Amino acid sequence: MTQATATDLSNTEKWQNLDGAHHLHPFTNPNDLLQKPPRIIESAQGVYLTDSDGNELLDMMAGLWCVNMGYGQEDLIEAASAQIRQLPYYNAFFKTSTPPAAELSALLAEVTPAHMRHAFFTSSGSEANDTVLRLVWRYWDILGKPEKRVVISRKNAYHGSTIASSSLGGMEDMHKQGGVIPDIVHVEQPNWFARRCELGTDLDRDGFGRQVAQSIADKIEELGVDRVAAFIAEPIQGAGGVIVPPDSYWPEVKKICEHYGILLVADEVICGFGRTGEWFGTDYYALKPDLMPIAKGLSSGYLPIGGVMVADKIMDVLINQGGEFNHGYTYSGHPVCAAVAIANIRLMQRENIVQTVRESTAPYLQKRLRELGEHPLVGEVRGVGMLGALELVRNKENFIKFDKDIGVGAICRDYCFANNLVMRAVGDSMIISPPLILQHGDIDVFIERAWQCLDLTQKAIA
Ligand SMILES: *Cc1c(COP(=O)(O)O)cnc(C)c1O
């Protein structure tokens with residue numbers, strides 16, 4: 001055989017060709033992929049991914065903020081295969097349930113804050129936030145206040161990509177293409193660094209935190225409290241760039257929600273399941289939310305499952321005055337997904353992973369991350385638990401950002417990717433959200449590669 005045929009293509013090329021011809025990717029310019037085909041990730045173990053050419057990448061994003069217990073966990077694999085054999089599917093609509101759905105609800109009641117003892121199941125975080133809207137509106141409706149419809153959210157928040165959840169989110173680029181449904185308004189986010197750069201003068205962190213919290217109260221006053229139903233926020237904004245709020249922010253927000261008697265929704269899709277070194281972000285900030293959407297780390301991303309934890313205060317109204325709740329998904333409480341989530345939470349408990357993160361891995365990661373702050377490109381390092389961000393700036397003494405056109409974040413991200421390190425860029429913030437099972441040695445590898453990629457980035461833009 002002398003002529004090149006399709007079979008002479010490497011596997012990588014074959015998959016890239018198929019992908020390019022037929023796969024419309026999420027959050028991607030399809031034309032970019034034609035110029036530069038996607039890297040094909042073929043397998044993974046622990047905290048390392050393997051691509052179709054055999055390269056090993058350190059996954060500092062845990063997939064997409066979700067593979068908290070790392071890849072290749074036998075317990076999760078076994079749970080899925082045993083359950084799929086026993087009962088691959090049954091619903092929870094017909095006054096029926098399944099053992100995994102029942103057991104997972106109870107397990108969630110155990111690990112979430114004590115005042116939340118009921119779970120509604122979805123297949124994703126986006127669906128969870130659609131369910132949040134349904135529950136918020138239903139709650140006030142039952143209480144005879146149907147005019148309480150407005151949900152206050154924050155600019156640059158991420159709550160998902162369905163029409164309702166992206167409306168709840170504060171991503172301008174998504175709103176431009178998807179619109180915003182009525183009764184959702186956005187207030188300022190507690191992004192101290194961005195504001196500090198805009199101002200060009202010093203800015204007291206806690207003063208700023210209180211001021212941004214106050215904008216929620218101002219919005220409630222402006223709309224009239226009889227129209228406002230809830231405030232929704234991620235304890236720490238994730239996809240918006242790992243925005244850790246000033247310490248003054250959450251205590252003030254909590255007070256405002258209590259003062260006006262509006263519901264507090266803590267979107268725990270990223271912060272939940274150990275990421276902050278506590279079980280939930282609301283434990284870290286001592287919040288007492290009324291609703292808590294969860295997903296991602298719930299199953300370590302092995303199978304799609306999400307949900308909403310519902311506070312007793314809301315359950316009491318639904319049970320005693322509510323009637324039928326006309327909402328649900330075919331896959332609500334899917335037994336195989338629920339079985340994997342159970343195995344995941346049990347594994348977390350057995351390995352004491354939250355405590356290990358809090359006492360050992362996270363302090364080491366945060367300490368070493370701050371060493372990267374000595375790099376000339378890095379204007380701020382921030383992070384909590386196993387979340388972190390590096391802000392790339394042109395001038396760190398004077399808080400001057402790069403021109404947007406340079407796309408310094410994307411340049412750095414590409415160098416990381418080329419050097420077998422998965423770090424994500426959100427604008428000019430380089431962000432990490434690694435698997436919770438990351439070890440000190442992995443952190444050392446990360447710091448070394450990250451420093452090298454910062455150097456390469458600096459040379460490239462010089
Ligand atoms: C990812 C994310 C969602 C959406 O979850 P999907 O499973 O992608 O639908 C919602 N909220 C937050 C905070 C998220 O990070």
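The first residue of the sequence shown is numbered 1, and numbering continues consecutively from there. Atoms within each ligand, like the ligands themselves, are counted from 1 in listed order. None of these values were measured; they are calculated from a predicted model.
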* To do: Please verify whether a non-hydrogen atom of Trp65 lies at under 4.0 Å from ligand 1.
  =>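 No.
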
*asked:* Show the atoms of ligand 1 that are less than 4.0 angstrom away from any heavy atom in Ile270.
replied: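 Atoms satisfying the 4.0 Å criterion: 15 (O).
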
**Cation-pi geometry met for Arg39 and Phe417 (6.0 Å, 45°)** =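 Geometry flag: set, cation within 6.0 Å and 45°.
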
- Under 4.0 Å between a Lys/Arg side-chain N and an Asp/Glu carboxylate O for Asp290 and Lys313?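 Looking at Asp290 and Lys313, the cut-off is met.
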
Can we say Arg205 and Glu380 salt-bridge, meaning some charged N sits less than 4.0 Å from an Asp/Glu carboxylate O?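 Yes, this pair counts.
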
| query | Salt bridge between Glu172 and Lys155, side-chain N to carboxylate O under 4.0 Å? | reply |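 The answer is no: the pair does not qualify as a salt bridge.
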
>> More than 12 heavy atoms of other residues, nucleotides or ligands under 6.0 Å from CZ of Arg117: yes or no?
In response: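 Not more than 12 within 6.0 Å, no.
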
Next on the checklist: Among all the protein's non-hydrogen atoms, which is closest to atom 9 (O) of ligand 1, and how far away is it?
Outcome noted: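 That would be Ser126 OG, 2.5 Å.
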
To check your reading of the model: name the closest protein heavy atom to atom 12 (C) of ligand 1, its residue, and the distance in Å.
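It is Tyr158 O, 3.3 Å.
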
query = Are any of the N/O atoms in Glu234 less than 3.5 Å from those in ligand 1?
reply =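 Such a contact does not occur with ligand 1.
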
Within the structure, is a non-hydrogen atom of Lys296 found at a distance of less than 4.0 Å from ligand 1?
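Flag set, Lys296 near ligand 1.
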
Does a salt bridge link Glu188 with Arg195, judged by any charged N lying under 4.0 Å from a carboxylate O?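 A salt bridge links Glu188 with Arg195.
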
Numbered atoms of ligand 1 (with element) below 4.0 Å of His159, judged on heavy atoms
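It comes down to these atoms of ligand 1: 10 (C), 11 (N).
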
Practice task
Give the numbers and elements of all ligand 1 atoms closer than 4.0 Å to a heavy atom of Gly125.
Solution key: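 So the answer, numbered in order with elements, is 4 (C), 5 (O), 6 (P), 7 (O), 9 (O).
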
Subject >> Cation-aromatic face contact Arg275/Trp65, 6.0 Å, 45 degrees >> reply: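 No, Arg275 and Trp65 do not form such a contact.
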
- Query: Taking only heavy atoms of Asp267, which atoms of ligand 1 are found under 4.0 Å from at least one of them?
  - Reply: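 Once the distances to Asp267 are compared, the set is 10 (C), 11 (N), 12 (C), 13 (C).
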
Would you mind listing which atoms of ligand 1 come within a distance below 4.0 Å of any non-hydrogen atom of Ser124?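 Matching atoms, with element in brackets: 7 (O), 9 (O).
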
Quiz item: Of all the atoms in ligand 1, which lie at a distance below 4.0 Å from a heavy atom belonging to Asn129?
Solution: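 The list of qualifying atoms is 10 (C), 11 (N).
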
| message | Which of the numbered atoms in ligand 1 are under 4.0 angstrom from any heavy atom belonging to Gly160? | response |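 Listed by number with element, the hits are 4 (C), 10 (C).
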
Are any of the side-chain nitrogens in Lys219 or Glu222 under 4.0 Å away from the carboxylate oxygens of its partner?
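Salt bridge between Lys219 and Glu222, a charged N being under 4.0 Å from a carboxylate O: yes.
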
